[in-house]
Amino acid sequence: GGVATFADAMYGDDICDAAVAARGQVDCHTVRNCSSVFIEATSAASNDLTCCCAENAYTDMFNDPIVSTACQAWLLQEARKFALKACAALGVCFLNFLCKTSLGHLVHCGRPATYSGLNTSRMFCVFIAQTVNTGCVVLLVNWDIRNAFGANLFEGRYSDFVPGWYATAGASLFATLALNTLMPMALCILHFPTVYLFRVYQSWGKTKPSELLDFYTYPQFDISGRYAQMTTTIFCTLAFSPGIPMMNVLAAAYMFVAFWSDKVVLLRGSCRP
């Protein structure tokens, strides 16, 4: 097959990925005149049409009606892929939240001697769980090491960090970290109405001053959970930013958002440490 262009390789499709085509698994497209492919879209080979759409659809979608008509099915497929990636990123963030909540209760079973020991154990456990869920699972799912071990394990598409990996697995990881950047702000916004509603519900019918004092005291600031989430972001950024430089920008944005969100929650919505 012909050699794929850099624009082809960026999309991560097998038929347009130079690294996959080099292994002989697929025949990368050889058509250089995409105009004829768009005109004969109904009879053109699917591989040729997909590669041409990958190169031209994003730029010519609204300017050329021929491209718009020929690549309509391809654009719908790309939209479904984007929706699945967004749902996967939301799922990862939700699992991270569940890990932080559940591990926060499980660490009490270890009976740490001090409150600092409790926070240290919780921070370490949450950091390991969130790092595995955020960065390691994506890496293992797309890892192809069958040639190394000779077993039907890790039958992913990529054995190295090729452009196609960054377009598929890297894009999912980037979307997860982007949502993770907004999590501190979302938790800050939800903190105050949640505390208020819980206080109203629990204080219903209570008249003793000691009981009301407990209900109207803000909860402790979750320093271990916040520190674990910050270290997870730093670890994933340092691990994958050489190939995805925009992760450094996301990490900086996360630090900015987390600083101001945590400052508001600590000073206005938490009890004195």
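Since the structure is predicted, the reported quantities are computational estimates derived from the model, not experimental observations.
Pairing each heavy atom of Phe192 with each of Arg268, the nearest pair is CE2-O, 3.5 Å. Of all heavy-atom pairs between Ala258 and Arg226, the closest is CB-NH2, 3.7 Å.
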Item checked: Working for side-chain contact (heavy atoms from CB on, under 4.5 Å), residues Gln130 and Thr231 -> CA-CA 10 Å; Gln130 290 189 350; Thr231 50; over 6 Å; no
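Using a 4.5 Å cut-off between side-chain heavy atoms of Ile, Leu, Val, Met, Phe, Trp and Tyr, with links allowed through other members, Leu139 and Leu250 fall into the same hydrophobic cluster. At a threshold of 4.5 Å between side-chain heavy atoms, the hydrophobic network of Ile, Leu, Val, Met, Phe, Trp and Tyr places Ile223 and Leu266 in one connected group. If you chain together hydrophobic residues whose side chains sit under 4.5 Å apart, Phe256 and Met247 never meet in one group. By the rule that hydrophobic residues join a cluster once side-chain heavy atoms approach within less than 4.5 Å of another member, Val265 and Leu187 end up as members of separate clusters. Cluster annotation: Leu118 and Ile128 are assigned to distinct hydrophobic clusters (Ile/Leu/Val/Met/Phe/Trp/Tyr, side-chain heavy-atom contacts under 4.5 Å, transitive).
A side-chain donor-acceptor contact under 3.5 Å links Thr114 to the backbone of Gly117. No side-chain donor-acceptor contact under 3.5 Å links Thr134 to the backbone of Thr131.
Between the NE2 atom in His191 and the OH atom in Tyr218 there is a gap of 7.0 Å [rounded to 0.5 Å]. Note that the CG atom of Leu106 and the OG1 atom of Thr101 stand 11.0 Å from one another [nearest 0.5 Å]. One finds the OG atom of Ser261 at 8.0 Å from the CD1 atom of Ile189 (value rounded to the nearest 0.5 Å). In this structure, SG in Cys93 is found 6.5 Å from CG in Asn96, a value given to the nearest 0.5 Å. Note that OG of Ser224 and CZ of Arg122 are 4.0 Å apart. Values are rounded to the nearest 0.5 Å. Phe124 CZ to Asn119 CG: the interatomic distance, rounded to the nearest 0.5 Å, is 15.0 Å.
Residue-environment remark: CZ (Phe259) exceeds the threshold of 12 foreign heavy atoms within 6.0 Å.
For the residue pair Asn248 / Thr237, no side-chain donor-acceptor distance below 3.5 Å is found, with atom types taken as modelled.
Below 30°, between 30° and 60°, or above 60°: for Phe127 and Phe235 the angle between ring planes is above 60°, a perpendicular geometry.
Ser270 is not listed as a side-chain neighbour of Gln220, based on a closest heavy-atom distance of 4.5 Å or more.
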Identify all side-chain donor-acceptor contacts of residues 170-185 below 3.5 Å with residues at least two apart in sequence or on another chain.
residue	atom	partner	partner atom	Å
Ser172	OG	Thr168	O	3.3
Thr176	OG1	Ser172	O	2.9
Asn180	OD1	Gln229	NE2	2.7
Asn180	ND2	Thr233	OG1	2.8
Thr181	OG1	Leu177	O	2.9

